[in-house]
Amino acid sequence: GVTTTDPAPTTTLPAQYSPGEVEAGLYEGWESRGYFTADAASDREPFSIVIPPPNVTGGLHLGHAFEHTLMDALVRRARMQGKETLWVPGMDHASIAVHALVEKELAEEGTDRRALGREAFIERVWQWKAAYGGQILDQMRRLGDSVDWTRERFTLDEGFSRAVQTMFKRLYDEGLIYRAERLVNWSPVLRSVLSDAEVDHREVEGELVSIRYGAADGSGPSLIVATTRVETMLGDTAVAVHPDDERYAALIGTDVELPLTGRRIPVIADGHVDPQFGTGAVKVTPAHDPNDFAIGQRHGLPMPTIMDDEGRITATGTDFDGMDRFEARVAVRERLREQGRIVAEQRPYLHSVGHSERSKEPIEPRLSLQWFVAVDTLARAAGTAVRDGRVAISPPELAARYFAWVDHLHDWCISRQLWWGHRIPVWYSPDGTEQICLGPGEEPPAGWRQDEDVLDTWFSAGLWPFSTLGWPDDTADLRRFYPTTVLVTGYDILFFWVVRMMMFSVHAEVNEPGSVPFGTVALHGMLRDKQGRKMSKSRGNGVDPLDWMDAYGTDATRFTFARCGNPGADAPVSEELVQSSRSFCTKLWNATRFALLNGATTDGEVPSIPTGADAWITGRLQQVVADVDRLYADFEFAKIADLLYHFAWDEVCDWYLELAKVTLTGDDEGAADATRRVLGEVLDVLLRLLHPLMPFLTERLWIELTGRESVVVAAWPQADFTRVAAGAEREIAGVRDVVTEVRRFRSDQGLKPSQRVPARVDGPLGDYQQRAVRHLLRLTEPGPDFTVTAALTTAAGVRIELDLSRAIDVAAERARLTKDRAAATKELEQAAAKLGNEAFLAKAPEKVVLGIRARREAAESELARVGAALSALPVG
RNA sequence: GGGCGCUUAGCUCAGCGGAAGAGCACUCGGUUUACACCCGAGCGGUCACUGGUUCGAAUCCAGUAGCGCCCACCA
């Protein structure tokens, strides 16, 4: 009701927070301000980060947006710390995503990509590329990205090819890449080999069929073998038994009849066979089972391949030829049954079967000529780089998983029979007797033809940390930003990608001997839905981050991701969480608006000796800055978000802003000015701390608050503990205790929060505390007709007498006090029990004993206080 | 078969040796001159189970039971 004489301070902040407008208005022009260009001649500390691949299924999915947010936060903070930052993006993985899209499109059209041919396929990929690259740019930008997402940085295919070829030739020349016929994981759907890492083992219900080999009718020797893949018997070339197995001693070295084929196969002795398992006799199919392959090699057995690249039976000379493997499994079994050779069947038989990770069907072990990387020395060096601390893994617990991989890596099959990717740079002479590996720019002799196979995705991805910076050339980027500062990625990709990057990078020794790809590998977990399930499109619980960005704003979406950033741990994410983040954004908006409407400023000196709430919040601010820094060191994004959320909401908004009103609306102009300055300071620092997690909103608010150019390049806050005033915290705690206690009383008494109540306040409260308490509780000065109808005393001994203009609700008050008494009684019992324990007194640290003593005393006085209040209540 | 991890309020999770916490949900009250995407007050838990170590255990150790993830060539 007071008319202000001074003109009210104004702000251009609209009353309503609208994320769309904030984001649209702000991004424009960022690039032109030159914040994002790296300067190779700068003497600032470099900070670089490698961007993991976009999801192969196309677009920007939730997990990628999540990861992107964490990385962007690190980069933004580094830049505010004055470091020179660089993201290391590249086109290669975007290409892969496009390839996948084209494949999908062809499948939908019903076009056979084999019929289309490689050249036409690549042509189509290129048609897509511009559009798709643009899509990625748009999505990245909407995330509030701090990268120079120019098309140049996305057009690195040439460079990648050069890097890939250079690395291949180097390993080839060193004898670390070789071609060999091995038993590999074969995908009949993809018609390609897969690496061990691309195979998922899943429990399936199959069958275990026991078959009699040899004489079917007891007219001669026979033995029984069991298998889950009956059809492979067509490719058997032996039966193996353990050398010491007496049951079969007489048969070793003899031949038995292999049913259905008319062939005879030897019975051999091999130590690999477990005599305790099954019958102790094993059928041996060297070309279609890894164990059998090993046995076959040891015994020099023939290794006939009986399946083609699509999983059809072939070249057995039986009428099963041409059948699909699963069809043949039934047909062969039934034929054997007709011949009386099935002696036992277990169905369902639960066993583990490898499946293609991408195409989902069971993989078929198959003998095949492929290219391999001998990983032994590479993997050992990659392990050493972590063991000796050159590369840190965060959280440290996950280093065990890393070691589990590098220490037990099999040779890596790098050739693929896919239609896209970098081709193996090896050429064969026309007669096929000679081969040559060529480096970039080298021409093969006329008439020589290049190997048809392409390289595994992870071969080129493994070069990422340095190929993106221009390797094999000695570039300025490479010298300045390699090794990269940190790699942020999910733990699920540790063995796929991280291990490959480590092996190649350590081996390449970019810049100098012993160099590594990154200083730290920061691993985050997977985003899951509320039920803890993995997000996936097929399950229908997947979320497009763009939908959230549209509905709640990019800042709310990003803050939500930050809240999920637990090192190495999965986190559930849900629409409710984004909603709560959006509320937080709105809260910050309104708080800043309030501050500006009340003349908050960042101009002029901050009061050197603030008082009351100003002193308290200034001290708290220093602690928060220090805590945020500590948490960043461990990549504890979720805790950073949580800390800032609660500090901003529970302390700054709920208490400081309310307390600030005491001085802002008071008569003391000097105090009001001091508060305006502290208010400006608190929001300034808070917005800077929040900027990495919500760039748009903080930019808009910070510019409005400070009138300066951009929070993007504002200095990162520094904690200054000389600004923590002794006693300030206690002073405000005193206010909070009284206010909370009286609010509780008022609520129980059914008093509206807005109702003004005449009251007398007595007890150990300073002037400032008195005023604060009166203001927050809407207590008015007692008038001439003041009648005490209610009184309460707080634990600290503050007495408040109120005139409610009516009798109090005795029952409600008794209930309240009874509850207090129960709590105090329990507290007293616990404390007394401890203090009555001789052993506790003798052995517990003095600090703890003193703490318990203080608790006992507090409980005793609380009990006395509540008891007195209870007995003062009218009976009934 | 081998690792690793988890089990705390209805739900999702923090806490990881010295007074049981948060968000959401729920109940009650509220047009308090920033904010109903809000404010105030409240309800709600033998911290999976059983032993052990300790003056003291949600927290450390062992075992049990469920659940999850990763790895693995047992026919």
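The chains referred to below are lettered A, B, ... by the order of the sequence lines, with proteins before strands, and numbering in each begins at 1.
Both tests pass for A:Arg563 against the ring of A:Tyr645: distance under 6.0 Å to the centre and angle within 45° of the axis.
Regarding contacts with the backbone of B:C38, a side-chain N or O of A:Ser583 is found under 4.0 angstrom from either OP1 or OP2. Between A:Arg744 and the phosphate of B:G42, there is a side-chain N or O to OP1/OP2 separation shorter than 4.0 Å. The phosphate of B:C39 has OP1 or OP2 within less than 4.0 Å of a side-chain N or O from A:Trp649. Contact annotation: A:Lys661 side-chain N/O to B:A34 OP1/OP2 distance is under 4.0 Å.
Summarising the geometry of A:Asp236 relative to A:Ile265, their closest heavy-atom pair is O-CG2, 3.7 Å, with the distance given to 0.1 Å. Across all their heavy atoms, A:Ala562 and A:Leu693 have their closest contact at CB-CD2, 3.8 Å. Residues A:Tyr213 and A:Met233 come closest through the heavy atom pair OH-CB, 3.2 Å. When all heavy atoms are compared, the tightest approach of A:Arg806 to A:Asp809 is NH1-N, 4.3 Å. In terms of heavy atoms, A:Lys752 sits closest to A:Arg746 at O-NH2, 2.9 Å.
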*asked:* Protein within reach of the bases, or only the backbone? For nucleotides 70-75 of chain B, mark each nucleotide 5' to 3' as B, S or -, using heavy atoms under 4.0 Å.
replied: SSBB-B
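Of all nucleotides present, none satisfies the Watson-Crick or G-U wobble test against B:A14 with each distance under 3.5 Å. Remark: B:C74 base-pairs with no nucleotide; criterion is Watson-Crick or G-U wobble with both hydrogen-bond distances under 3.5 Å. Base pairing of B:A62: its partner is B:U50, meeting the Watson-Crick or G-U wobble criterion (both donor-acceptor distances under 3.5 Å). Under the Watson-Crick and G-U wobble criteria, each requiring two contacts below 3.5 Å, nucleotide B:A34 is left unpaired. Nucleotide B:A19 forms no Watson-Crick or G-U wobble pair with any nucleotide shown, as no partner meets the under 3.5 Å limit on both distances. Under the Watson-Crick or G-U wobble criterion, with both distances below 3.5 Å, B:U27 is paired with B:A41. Pairing for B:G5 is with B:C67, a Watson-Crick or G-U wobble pair whose two hydrogen-bonding atom distances lie under 3.5 Å.
Atom-to-atom, CG of A:Asn566 to C1' of B:C6 comes out at 14 Å; the value is rounded to the nearest Å. Here B:C11 presents its C1' atom at 16 Å from CD of A:Glu575, a figure rounded to the nearest Å. Following rounding to the nearest Å, A:Asn598 (CG) and B:A34 (P) show an atom-to-atom distance of 7 Å. A straight line from CG of A:Asp748 to C1' of B:G40 spans 12 Å, rounded to a whole angstrom. Distance A:His775 NE2 to B:U33 P: 11 Å, rounded to the nearest Å. Separating the CZ atom of A:Arg736 from the P atom of B:A41 is a distance of 11 Å, rounded to the nearest angstrom. At whole-Å resolution of the value, CG in A:Leu679 and C1' in B:A34 are 11 Å apart. Between the CG atom of A:Leu643 and the P atom of B:C13 there is a distance of 22 Å, rounded to whole Å.
A side-chain N or O of A:Glu704 and one of A:Thr12 form a donor-acceptor pair less than 3.5 Å apart.
Across all strands shown, A:Lys847 has no heavy atoms under 4.0 Å from either base or sugar-phosphate atoms. Residue contacts for A:Cys653: at a heavy-atom cut-off of 4.0 Å it reaches a base atom on one of the strands shown. In this structure, A:Arg778 reaches the bases: a heavy-atom distance under 4.0 Å links it to at least one base atom across the strands shown. Residue-level contact check: A:Ala404 touches neither bases nor backbone, having no heavy atom under 4.0 Å from any strand. Using a 4.0 Å heavy-atom cutoff across all strands shown, A:Glu658 reaches at least one base atom of the nucleic acid. Note on A:Pro365: nothing from the nucleic acid sits closer than 4.0 angstrom, heavy atoms only. Looking at heavy-atom distances under 4.0 Å, A:Asp570 makes no contact with the nucleic acid at all. Residue contacts shown for A:Ala591 include a base, since a base heavy atom lies under 4.0 Å away.
A:Thr557 places a side-chain N or O within 3.5 Å of a backbone atom of A:Gly553 that can act as its donor or acceptor partner. Side chain of A:His288 to main chain of A:Pro365: a donor-acceptor pair is present (N/O by atom type, distance under 3.5 Å, no hydrogens or angles). With hydrogens and angles ignored, the 3.5 Å screen pairs no side-chain donor or acceptor of A:Asp292 with any backbone N or O of A:Pro286.
For the salt bridge (charged side-chain N to carboxylate O under 4.0 Å, His left out) test with A:Glu207, the passing option among A:Arg329, A:Arg229, A:Arg347 is A:Arg347; the others fail.
B:U59 and B:U8 have their P atoms separated by 13 Å, with the value rounded to a whole Å. Of the C1' atoms belonging to B:A41 and B:C49, the separation is 37 Å, rounded to the nearest Å. When the C1' atom is compared between B:U7 and B:A14, the two are found 15 Å apart, to the nearest whole Å. Between the P atoms of B:U33 and B:G40, the separation comes to 15 Å (whole Å). For the C1' atoms, the distance linking B:C13 with B:G30 amounts to 31 Å, nearest Å. Using atom P as the reference point in both B:G21 and B:U54, the two lie 29 Å apart (nearest Å). Straight-line distance between the C1' atoms of B:G56 and B:C35: roughly 46 Å, to the nearest whole Å. B:G51 and B:U12: their C1' atoms are spaced 32 Å apart (whole Å).
Considering only heavy atoms from C-beta on, A:Asp627 comes within 4.5 Å of A:Arg630 through its side chain.
By the 4.0 Å N-to-carboxylate-O rule, A:Glu829 lies too far from A:Arg856 to be salt-bridged with it. A salt bridge does not link A:Arg853 to A:Glu857: none of the charged side-chain nitrogens sits closer than 4.0 Å to a carboxylate oxygen. Of the charged side-chain nitrogens involved, at least one lies within less than 4.0 Å of a carboxylate oxygen, so that A:Asp820 and A:Arg744 count as a salt-bridged pair.
Side chain A:Arg855 to base B:A19: a donor-acceptor pair is found below 3.5 Å.
The A:Lys834 side chain lies nearest to B:G56 when the options are B:A41, B:G15, B:G56. Across B:C35, B:A41, B:A19, the shortest atom-to-atom separation from the side chain of A:Glu827 is found for B:A19.
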Can you tabulate the close N/O pairs, meaning under 3.5 Å, that link protein atoms to atoms of nucleotides 51-54 of chain B?
none

Between the protein and nucleotides 21-29 of chain B, which nitrogen or oxygen pairs are less than 3.5 angstrom apart?
unit_1, atom_1, unit_2, atom_2, d
B:A22, O2', A:His646, NE2, 3.0

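Proximity of the aromatic rings of A:His524 and A:Tyr491 is defined here by a centroid distance below 6.0 angstrom, and this criterion is not met.
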